[in-house]
There are 2 protein chains.
Amino acid sequence: MKAMAAADFKANSEASALAERLRALAHPTRLRILTALGASKTCQCGEIVRNLPLAQSTVSEHLRILLEAGLVRGETAGARTCYCLDRNAVRKLAEDFDRLLAAIGRHEVAGGKARRA
Amino acid sequence: MKAMAAADFKANSEASALAERLRALAHPTRLRILTALGASKTCQCGEIVRNLPLAQSTVSEHLRILLEAGLVRGETAGARTCYCLDRNAVRKLAEDFDRLLAAIGRHEVAGGKARRA
DNA sequence: GTTGATAATCGTCTATCGACGATGAACGAT
DNA sequence: ATCGTTCATCGTCGATAGACGATTATCAAC
């Protein structure tokens, strides 16, 4: 698992990869969409649109961003598209994020593992 | 701990608060700065600047964003400012993030707790 | 084949981001 | 009192984000 924190400081690619996925999450609307997708069978895009004070095109755009971030999968069946959460991707993001925060805060928790890994 | 996911779908303020802090993290440079701050006694701004291919003003701006997000604290002593990680804030962010992801993915892990809380 | 519904895409507009150089403020050293 | 250092702030610039309406494509229903 990498080496030292000093090395992490130099490693740009790793930080970029994580930052990119975080950026997909860092928007209230997208957080709400993810929550909605995780909560129900609400795979329909229109259903999401109906629950948000946003235009259809705007929601579609947010869904595209979540798609490109790999957090959501979409199956287009005819005119309608069914979106669903990629739970593996969400879990992987959670793990990577935890690992980063553990690396950042590892001086407090003492050991080399920290939190949950 | 709130109520149902359907309620979360409606709750904008909560999503906004988390999204705001995530946005502070969602930049490769800021991730690197945080890593550097967590790794060493590198509280000096100039030290960070010297390790990044960016102008001093740019780094200062990133530090300001991290400050406003509450992830970093800065003590100005004379001409130089000593930045250090707010480890409590980092941990709190990690917890909130975990809680969100648990809420999103709770259908897979069965129960109502999930992950680690 | 029309019509209606759904959703992606396009073009546009504004606001914000990210980077920079220049400047200014605060301090230590001489 | 004057430098040199350190850092924040300001103004500028180009690029991107986010929202919207309009348009287009695909399909079901009729």
Side-chain angles (χ1 to χ4, degrees), chain A residues 12-13 15-34 36-37 40-85, chain B residues 12-13 15-34 36-37 40-85:
Chain A
N12 192 10
S13 61
S16 297
L18 182 54
E20 206 166 332
R21 277 183 298 166
L22 283 180
R23 231 162 41 93
L25 280 186
H27 193 287
T29 298
R30 293 197 284 272
L31 285 185
R32 294 218 278 166
I33 290 176
L34 281 183
L37 286 183
S40 61
K41 307 91 206 146
T42 315
C43 288
Q44 214 77 322
C45 170
E47 188 124 5
I48 298 175
V49 173
R50 250 167 267 126
N51 282 286
L52 290 175
L54 293 171
Q56 175 265 326
S57 57
T58 303
V59 173
S60 184
E61 173 74 2
H62 283 302
L63 282 168
R64 191 186 58 78
I65 291 174
L66 291 172
L67 266 176
E68 285 183 359
L71 296 171
V72 153
R73 277 173 293 119
E75 278 184 36
T76 301
R80 52 197 65 190
T81 305
C82 176
Y83 287 99
C84 48
L85 204 61
Chain B
N12 192 11
S13 60
S16 297
L18 182 54
E20 207 167 329
R21 278 182 297 167
L22 284 180
R23 230 161 40 95
L25 281 186
H27 192 286
T29 298
R30 293 196 285 271
L31 285 185
R32 295 218 278 164
I33 291 177
L34 281 183
L37 286 182
S40 61
K41 308 88 205 148
T42 315
C43 289
Q44 214 78 322
C45 170
E47 189 123 5
I48 299 174
V49 172
R50 252 167 267 127
N51 281 287
L52 290 173
L54 294 171
Q56 175 266 327
S57 57
T58 304
V59 174
S60 184
E61 172 75 4
H62 283 302
L63 283 168
R64 191 187 57 79
I65 292 174
L66 291 172
L67 266 178
E68 286 184 357
L71 296 171
V72 153
R73 276 174 294 120
E75 277 184 37
T76 300
R80 52 196 64 190
T81 305
C82 176
Y83 288 98
C84 51
L85 203 63

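All values below come from the heavy atoms of this structure, side chains included, with hydrogens, waters and symmetry mates left out. The chains referred to below are lettered A, B, ... by the order of the sequence lines, with proteins before strands, and numbering in each begins at 1.
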Hey, can you pull the residues of residues 19-27 of chain B with a non-hydrogen atom under 4.0 angstrom from DNA chain D?
none
Interface limits on DNA chain C, where chain B has a heavy atom under 4.0 Å of a nucleotide atom:
C:dC17 to C:dC27
Got a sec, which pairs hit side chain to side chain donor-acceptor pair (under 3.5 Å) with one end in residues 59-68 of chain A, sequence neighbours left out?
A:Arg30-A:His62, A:Glu61-A:Arg64, A:Arg64-A:Glu68
Quick test of your reading: applying salt bridge (Lys or Arg N to Asp or Glu O under 4.0 Å), list the pairs with at least one residue in residues 71-84 of chain A, sequence neighbours left out, ordered by first then second residue.
A:Arg73-A:Asp86
One should read off an interatomic distance between B:Ile48 CD1 and B:Leu54 CG, to the nearest 0.5 angstrom, of 11.5 Å
List the atom of B:Ala15, the atom of A:Pro28, and the distance in Å for their closest heavy-atom pair.
CB-O, 3.9 Å
Would you mind listing every salt bridge (Lys or Arg N to Asp or Glu O under 4.0 Å) that reaches into residues 17-28 of chain B, with sequence neighbours excluded?
B:Arg21-B:Asp96
Can you sort out the partners of A:Ser57 under side-chain hydrogen bond (donor to acceptor under 3.5 Å, both in side chains), two or more places apart, ordered by chain and number?
none
Minimum heavy-atom distance B:Tyr83-B:Cys45, with the two atoms named:
CE1-CB, 4.1 Å
5' to 3' on DNA chain D, which nucleotides open and close the contacts with chain B (atom under 4.0 Å from a heavy atom)?
D:dT6 to D:dT9
So how far is it from A:Leu85 CG to A:Ile33 CD1, rounded to the nearest 0.5 Å?
11.5 Å
Evaluate side chain to side chain contact (heavy atoms under 4.5 Å, CB included) for A:Leu25 paired with A:Leu71, printing each intermediate quantity in order.
CA-CA 9 Å; A:Leu25 280 186; A:Leu71 296 171; 3.9 Å; yes
Mind checking whether B:Leu67 and B:Leu63 have side chains closer than 4.5 Å, heavy atoms only?
no
I need the residues from residues 71-80 of chain A with at least one non-hydrogen atom less than 4.0 Å from DNA chain D; give them sorted by number, or say none.
A:Gly78, A:Ala79
If you compare all heavy atoms of B:Asn51 against all heavy atoms of B:Glu47, which two are closest, and at what distance to 0.1 Å?
ND2-O, 2.9 Å
Any residue in residues 55-63 of chain A with a heavy atom nearer than 4.0 angstrom to DNA chain C? Just list them by number, or reply none.
A:Gln56, A:Ser57, A:Ser60
Could you list the residues that satisfy side-chain hydrogen bond (donor to acceptor under 3.5 Å, both in side chains) with A:Thr58, not counting sequence neighbours?
none
